Every structure is written in structure tokens, then in C-alpha cells.
**Student:** 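If you scroll down you'll find the structure; I have some questions about it.
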Amino acid sequence: MNKHTFSLLRLFIPVIAMLAFLLAAASSLFWITRSIDLEASNRQKDVAQHAISQLSSSIAHNQESSTFWDDAVIKMTEPDNEEWIDENLGSWMHTFFGMDKLFVLNGSDQPIYAFDNAKISPREAYFEYAQIIDPFVKSMRSAIASGETPAENSGLQSIGVTDYSFINSRPALISIKPIISDSGEIDLASEQTYLHVAIQFLDGTFAKKLSHDYALPGLRVVSSAQRLPGDIAISVQSKSGGNTIEFEWSAYRPGIQLVKSIAPFIIVSAVMLLLGSLLVSWFSYRRKVDQIENECRVRYLSTHDSLTALPNRYAFDEAVEALCDEIRQQPASKQTAIMFLDLDRFKQINDVFGHQSGDQVLVEITRRLQTLLPAEAMLFRLGGNGFTILLRGCSDDEVNHLSNQIISSVAAPIDLREGQVFTGISIGVSFAPLHGTDHHDLVRKADVALFHAKAAGRGHCSVFGDYMDEALQHQSRIEAGLRFAIVDKAQFSIHYQPKFTCGGTHLNSVEALIRWKHPEYGPISPKIFIPIAESNGLIGELGLWVLETACCDALHWQLDHVAINVSPLQLTDSLFALKVKAILGRTGFPASKLELELTETSIGGKSDVLLSNLVDLAAVGVTFAIDDFGTGSSSFERLKDVKFNRIKIDQGFIREITKSRNDTEIVRAMIALAHANGLQSTAEGVETEEQLSLLCSLGCDELQGYLLGKPKSREKIDHILLNNSGVDPHIRTRMIASA
Ligand code: C2E
Ligand code: CA
Ligand code: CA
């Protein structure tokens, strides 16, 4: 029984108690009713017993009214006495006392009178019953002969025989009385005594009368038991012992009557009490359920991320802790991968497109991850742009395969209302128990591996290796160094990479590329420190320093334009355009010669701030180029609000251009598309003569690459520009490249 079932049971205690109470009350009522009914039935039995015992004495008594009488004795011996007998011992007794059959027998026990079937009948009628009556007659005769007298307190004046019998299968009382003198003056020999025989049937009308007189409902007098449930019966044995007569009636049960009469009240009260307690229990139950639901909700909210509905960091920590416990208890457990995932450039998406778009991206990435993950994998969102996956029982290959699937799935464009955005994902993995059985150790190592993956150029997956700890420390030293270097910028410099027009004879333009010479580690690639500057909020200051320095350096260069790289984060600064214009004003560098290179990520969507910065700068003549064109998927449709000047075809397309027909066709299409939209095209990373001539044949406007010139110091550009006028373009290119 779990905790909740137990507590829910407790909530129903009022109902259970009420049921117990009602059961006890019902039992008591039943017991009381039974006692009352038992008492009543005993009383009824007593009454019935009394009534039955009265039967024989009352019939004898009634007979005596005419048989204990001088006139009767006299009349018996007179001729033509039938009428008199009928009036006094026959019809009259039938009418007055309800006796059914009446006979008068002479001293020889021969019938002299018969009353049968409710009328005077031929005296022979007696013989029909003689066999039954004879034994009683005999005992009467012997009682007379022996001179018996009536019992003292019987209240009778003459002796007699009364007993139960069956006549024509009907229960009956047979009573015989001698017809004797009441004055004692007429003395007859016993053998001359006339006998009066009375038969009273006990069933039928008599039973009904008895039932009415003694309040014995439905009284039946029968030969054998026919009892129904709830009937009371008294058996009466004949004195001769041969016959048993049953007196049966339905018991009067005042207890049940009482219960029946108050039953509606009892039922209504019980139902109300039960409903009341049910109501109390129900409200307690609802309260408890609400409380449990609230607890669950709180628990859910505290363990889940509200945006993606994924379990959060708290849940992740619990899961890793449980995993570590399991591994410690079962050291031979299968390997589990702890994967840390970090969305690349997410901060930029958030800053450029707004938090709502950032949220949409997170939801979409969650959806993509969920479709890729096997059922046993657990996905968590740690907050921000960080996700984690726990993958139990996996091999190294499976993790590798899954990571590759995730990286390519996340790289696919995401459609937002504002346009398409691109992100990438970096993955760091540690394995339990290979890399430890301690929660913090495993998490730290996955984090270190993630850092390593990001440093490797993002969109990578790295599995933790011991060497990474060192790399991480190196990374944090670089970070600290960057913070220090930004203070006076003395460790930074700018190199300028030449760009030429196809078939042009002069150096057309340069791209400013920042350089950092770390006092301990030497030159560090901008590919490493620019992302650090972006994530540490240093890019704004660094970017403006590049701009101002380049404007100063290039102030007197005879160039078509100078290209400056701008981080997407800089464009989210609402004062960016103002700051650029201030630099232009301070340095005197013409706005029309400034070309800002923006990556596709920064322009994939159009936040208000970004648009107003671009529009403001375009208004003073600043031009824009889309850097690394083709790596995102900027559509020209989306660029129509801002006037772009140029696309810079990413060096990834140029690298294989002479070998890959596909790349040739892609570049050809890009150039055609640019021209169709009134944009110029620049090819980056031109390293060979073949690439150069192919690109020129494809109609590319501008070329940039190590073949034509590596990034160089300001002094070297000064020198080139001073000496390159009028030189054969081919010779000039070689000259610049080798400078
Ligand atoms: P990017 O804007 O695409 O710059 C071109 C990169 O390609 C430069 O690398 C350049 O040295 C390199 N490159 C040029 N020609 C060739 C070639 O023929 N072959 C090869 N293999 N590489 C070539 P770099 O200077 O290391 O800069 C890397 C990236 O750092 C830049 O890529 C840019 O995104 C970023 N970056 C550099 N300077 C700045 C800056 O001042 N501000 C910002 N926001 N980003 C900068
Ligand atoms: Ca660039
Ligand atoms: Ca580029």
C-alpha cells in the first residue's frame, strides 16, 4: 500500500465510521425488534393456550344448560318428545352455541335424536359417526357407572367426556354429557341415563371466530402442520393420544410493525448521515487530491523547463546521481554516455532576432533532438542554450553516430516569422564508468569535452580525454589574456588582405583582419578569440577599435573600398550606427569607402535594431557585403530591405572549384544570382592560378586569397600602393602575393 492510498483511506474514515455506526444501529434495531416480537409471540401463545383450554370446558358447560335439568330427564322417557329435544338439546344448541352435530343416545346407546347437516335428521345419521364416538360413549358410561363426580374447581355440575378427534378428516371437539337431574330428585339407574353428544368442528367458521375473539390472525385448525414462515403453532393432543390437532396463526409482530412504520424515517436518516459523511470524505478527498496535484505540479515545475517541457538541471542532477549510485552498487553496469550539447551562436540569434525567436529556436531544436533520440535516452535542458542527454547501454560507435545525426539535423535552417536562421551544435561526451563514478567528475568532464568541441570550430563532437583538462586551462588563460589585452589593445594589430577585380590592374580593396599576439602563446587566430570576445561581451569594443584603426590606416589609400568584419552582436547595439558615424567623423574616412562584412547569421532575420543600424549607415553611403555566402542560406528575397553591395562566396566553395563540377556550378549560380540582384561577387580563398582563371571566366567580380596576397601589415599595403601603378596585372599579382 503506497503512501497516497494509505492517506486516501484515512480520508474515508468518516464514511467507514458512519457505515459501522449504521451497521451497529441496524443490528441493535434487529435485536430489539426480535425481542419484542418474541415476547409478543409468547404472549399470543399463552392467549391461544388459554383459549384452547377453554374450548372443552365451554362446550361442556354449554351442554349442561340443557342436560343438567330435571325436565330433560323426564322428557327423555316420554313419547313424541322429538320436538322438545330438538328445541332444547338440538337445533337450539346449534343456533345458540354453534354446535355442529348433536345426538341424544338412550341407555342402550341407541340414537333417539340426531341433528346433522344443520337440521334435524333421521336418528340413523348417528351411525355414520358411531365408530368415532363410541369410545367416548364407553368411557362416559364407565365414568357414570363408577359414580364419578366433576372435579371440584372445574365449575361443572356434571361429569362428561370431552376430547379432540377428526370427523370426516375435519378437526372436531366431541363432548358427551349425561342427561341428569339438577335437583337430584330423579334418580335413574346408570344404564338408563341418556347421553347428549355434541360435536363442534374446529375449522371453518369456528376457527374464524376464535381468530377474531382472541386476536390470532389467520388462525387455522388443521390435522397436520402447514406452517408458513412467521407462523406460530400450538399442537394439541387428544386425551386418547391418537390425534394431534394444530392451531396455527400468523404471528403478530409489533417489532416488525414498528420498524415498518418508522422505516422511512430510519432510511432517510441513514441515507442523510451516509451522504453527510460521504460529503465530508469527498471534500477531504478533493482537498487531498488537490494538494497532491499541487505537489506534483510544483515537483513538475521544479524539475522541468517551462519552455521545452524537458526535464531541467535539477532532474538531470538527480538522474546522474542515481546513475552513479547504480554504478557504485553494480560496478559491471553497462556504459552510459553523458552528452553535453551547446547551441552555437545562440546568443547571437537571441540578440539579433529577439528572445521570442530564440525561444522558437529552442523548441524546434528540442523537437529535432527528440525525433533522433532512441527510446532509452533521456533529454534535459540545462537552461540557456545547453542540453544534456543520458544514453544508457550505448557503445562508442552509437554515441558517435547519434552525435553526427544531431549535428546535421541542428544545422538545417529553422524557419521563423522573421526569416530563416541557422545554428549549429557542439557536443561533449563523458562515459560512465570509464571517466568516473562521481556525479561532479562525470559532469565536469562532459563539460570540458564540450568546451573542446567548441574550440575545435563548433559543430563538433568531442569525447573527453585527459589531455583536455590541459586544453581547458589553456583556454581559460586565453580568456583572461583577452580581458587584459583589450584594456590598451597593445597586443592587437590589423592586417589587410588585398582584393583584386578580375582583370583589374590595380589593388582594388583590402579586408581588415585583426591579429592578436599573446605575450606567452604568440599569435592566436581570430577564429579562436573572436568567439570568446563575443561570448564575453568584449566584441563591441574590439570591433570599434578595428574600425577606427583601419579608417586611420586606410585614410590615404587609393582603394575602391576597405572591408571591415562586423560581428552580429555589434549590430544589436542600438547605438552602433551612431558610433560608426562618429568614427567616420573623427577619422575623416569617407563613408562610401567603408564596406561592412556581415555574416549570414546576422542578417538571416531582421530585428528592428539591426535594420535601423543598417538603414542609418546606408543613408550616409556605407555599403555592405554578405560574408561567407553559401554557408547559411541567405535568400535574396530576405535581403531586399537593406541594400547590399556584394556577396563574398565562402572559401569552402572555391577550394574544390576546379575539381568539383558541382562546386563550379554552385559558384556559377551564385555569381549569376548576385548579378541578377545588382550585387557584386567576391571569391574568397583563391589559392591557385586555375581557380583564378576559372573564377574570372565565370564572371566573378573580385578575388581574394593567398594566391593574390596574404593579410599584410599596414606598412606593406602602404608600400604596395606606392609602387604598383602601371604594372602588368599578372606581374603585379605575383609581386603582391610574394610581398
Ligand atoms: P573571414 O572574414 O572569412 O576572413 C577570411 C579569412 O580567410 C581570414 O582568416 C584570412 O586570413 C583567411 N584567408 C584568406 N585567403 C585565404 C586563402 O587563400 N586560404 C586560406 N586557407 N585562408 C585564407 P583569419 O584572418 O584567420 O580570420 C578568420 C575569421 O576571423 C574571419 O573570417 C572573420 O570571420 C574573423 N575576423 C577576423 N578579423 C575580424 C574582425 O576584425 N572582426 C570580426 N568580427 N571578425 C574578424
Ligand atoms: Ca570577412
Ligand atoms: Ca569570409
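Computation of the quantities below employed the complete heavy-atom set of this structure, encompassing side-chain atoms and omitting hydrogens, waters and symmetry-equivalent molecules. Just so we're clear, the structure is a prediction, and the values are computed from it rather than from any experiment. Both ligands and their constituent atoms are indexed starting at 1 by order of listing.
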**Student:** Counting N and O atoms only, with roles assigned by atom type, does the side chain of Arg668 sit under 3.5 Å from a partner on the main chain of Leu695, one being a donor and the other an acceptor?
**Tutor:**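 No.
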
**Student:** Can you tell me, to 10 degrees, how wide the angle at the Ca ion (ligand 3) is between OD1 on Asp628 and OE1 on Glu684?
**Tutor:** 90°

**Student:** Check the angle between the aromatic planes of Phe492 and Trp516 and answer parallel, tilted or perpendicular using the 30° and 60° thresholds.
**Tutor:**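 Correct class here is tilted.
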
**Student:** So, is Ile514 polar-close to ligand 1, with some N/O to N/O distance under 3.5 Å?
**Tutor:**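 Yes; at least one N/O pair falls below 3.5 Å.
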
**Student:** Looking only at distances, can you tell me whether any N or O atom of Gln704, backbone or side chain, sits closer than 3.5 Å to an N or O atom of ligand 1?
**Tutor:** no

**Student:** Would you mind finding which of Lys710, Gln651, Arg515 brings a heavy atom closest to atom 6 (C) of ligand 1?
**Tutor:**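 When every heavy atom of Lys710, Gln651, Arg515 is considered, Gln651 comes closest to atom 6 (C) of ligand 1.
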
**Student:** Are Tyr521 and His474 near enough that their ring centres are under 6.0 Å apart?
**Tutor:**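 Yes, close enough.
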
**Student:** How far is atom 15 (N) of ligand 1 from its nearest protein heavy atom, and which residue and atom is that?
**Tutor:**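 Ranking protein heavy atoms by distance from atom 15 (N) of ligand 1, first comes Gln497 NE2, 2.8 Å.
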
**Student:** Quick check on the 6.0 Å ring-centre criterion: do Tyr467 and His452 meet it?
**Tutor:** yes

**Student:** Give a yes or no on whether atom 34 (O) of ligand 1 lies under 4.0 Å from any heavy atom of the protein.
**Tutor:**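 Given the 4.0 Å cut-off, atom 34 (O) of ligand 1 does not count as touching protein heavy atoms.
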
**Student:** Can a side-chain donor-acceptor contact be found between His561 and Asn508 if the only test is distance below 3.5 angstrom?
**Tutor:**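 Short answer, no.
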
**Student:** Do Glu548 and Thr587 have side-chain atoms, one donor and one acceptor, less than 3.5 Å apart?
**Tutor:** no

**Student:** Distance under 4.0 Å to a non-hydrogen atom of Asp628: what atoms of ligand 1 satisfy this?
**Tutor:** 3 (O)

**Student:** Which ligand 1 atoms are under 4.0 Å away from a heavy-atom of Val686?
**Tutor:**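 With Val686 as reference, the close atoms of ligand 1 come out as 18 (O).
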
**Student:** Step by step, work out the salt bridge (Lys or Arg N to Asp or Glu O under 4.0 Å) result for Glu687 and Arg655.
**Tutor:** CA-CA 8 Å; Glu687 293 183 347; Arg655 201 168 294 129; over 6 Å; no

**Student:** With a cut-off of 3.0 Å, does any N, O or S atom of Glu597 fall short of it relative to the Ca ion (ligand 2)?
**Tutor:**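 Yes - counting backbone and side chain alike, Glu597 has an N, O or S atom under 3.0 Å.
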
**Student:** What protein heavy atom sits nearest atom 18 (O) of ligand 1, and how far away is it?
**Tutor:**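 Nearest protein contact, heavy atoms only, for atom 18 (O) of ligand 1 is Tyr706 N, 2.8 Å.
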
**Student:** Would you tell me whether Cys502 and Cys700 have their SG atoms within less than 2.5 Å of each other?
**Tutor:** no

**Student:** Is there at least one protein heavy-atom neighbour under 4.0 Å from atom 4 (O) of ligand 1?
**Tutor:** yes

**Student:** Run the contact test for Glu511 against ligand 1 with a 4.0 Å cut-off on heavy atoms, strictly below, and give the result.
**Tutor:**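 Right, Glu511 reaches ligand 1.
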
**Student:** Just jot down the ligand 1 atoms closer than 4.0 angstrom to any heavy atom of Pro711, in number order.
**Tutor:**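 Those of ligand 1 that fall under 4.0 Å from Pro711 are 11 (O).
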
**Student:** With heavy atoms only and a cut-off of under 4.0 Å, state how Leu513 meets ligand 1: side chain, backbone, both or neither.
**Tutor:**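 The answer is both.
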
**Student:** Of all the non-hydrogen atoms in the protein, which one sits nearest to atom 46 (C) of ligand 1, and at what distance?
**Tutor:** Asn565 CB, 3.8 Å

**Student:** Would you mind listing which atoms of ligand 1 come within a distance below 4.0 Å of any non-hydrogen atom of Glu684?
**Tutor:**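 Heavy-atom distances to Glu684 below 4.0 Å select 3 (O).
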
**Student:** Give yes if a backbone or side-chain nitrogen or oxygen of Gln570 is under 3.5 Å from a nitrogen or oxygen of ligand 1, and no if not.
**Tutor:**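 No, since none of the N or O atoms of Gln570 sits under 3.5 Å from an N or O of ligand 1.
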
**Student:** Once rounded to 10°, what is the value of the angle centred on the Ca ion (ligand 2) between Glu511 OE2 and Asn565 OD1?
**Tutor:**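 Rounding to the nearest 10 degrees gives 90°.
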
**Student:** Would you check if there is a donor-acceptor pair between the side chains of Glu534 and Ser567 at a distance under 3.5 Å?
**Tutor:**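 Yes, a side-chain donor-acceptor pair sits under 3.5 Å.
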
**Student:** The Ca ion (ligand 3) to Asp627: any N/O/S contact under 3.0 Å?
**Tutor:** yes

**Student:** I need the full list of salt bridge (Lys or Arg N to Asp or Glu O under 4.0 Å) pairs touching residues 474-490, with sequence neighbours left out, sorted by first then second residue.
**Tutor:** Lys489-Glu541

**Student:** List ligand 1 atoms under 4.0 Å from Glu687, heavy atoms only on the residue side.
**Tutor:**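 Near Glu687, the atoms of ligand 1 are 17 (C), 18 (O), 19 (N), 20 (C), 21 (N).
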
**Student:** Quick one: CD on Glu595 to OG on Ser509, what's the gap to the nearest 0.5 Å?
**Tutor:**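 Interatomic distance, Glu595 CD to Ser509 OG, rounded to 0.5 Å: 7.0 Å.
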
**Student:** Is Arg646 paired with Glu597 through a side-chain N to carboxylate O contact shorter than 4.0 Å?
**Tutor:** no

**Student:** Protein heavy atoms: any of them under 4.0 Å from atom 42 (N) of ligand 1?
**Tutor:**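 It does; a protein heavy atom is within 4.0 Å.
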
**Student:** For Lys454 and His460, test the side chains for any donor-to-acceptor distance below 3.5 angstrom and give the result as yes or no.
**Tutor:**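 No, no side-chain donor-acceptor contact under 3.5 Å.
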
**Student:** Which residue supplies the protein heavy atom nearest to atom 29 (C) of ligand 1, what is that atom called, and how far is it?
**Tutor:**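 Ranking protein heavy atoms by distance from atom 29 (C) of ligand 1, first comes Lys527 CG, 4.2 Å.
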
**Student:** Within the distance-only criterion (no hydrogens, no angle test), does the side chain of Lys593 pair as donor or acceptor with the backbone N or O of Val562 below 3.5 angstrom?
**Tutor:**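 Not a single qualifying donor-acceptor pair exists.
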
**Student:** In terms of residue, atom name and distance, what is the protein heavy atom nearest to atom 30 (O) of ligand 1?
**Tutor:**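 Going by distance alone, atom 30 (O) of ligand 1 is nearest to Pro526 CB, 3.5 Å.
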
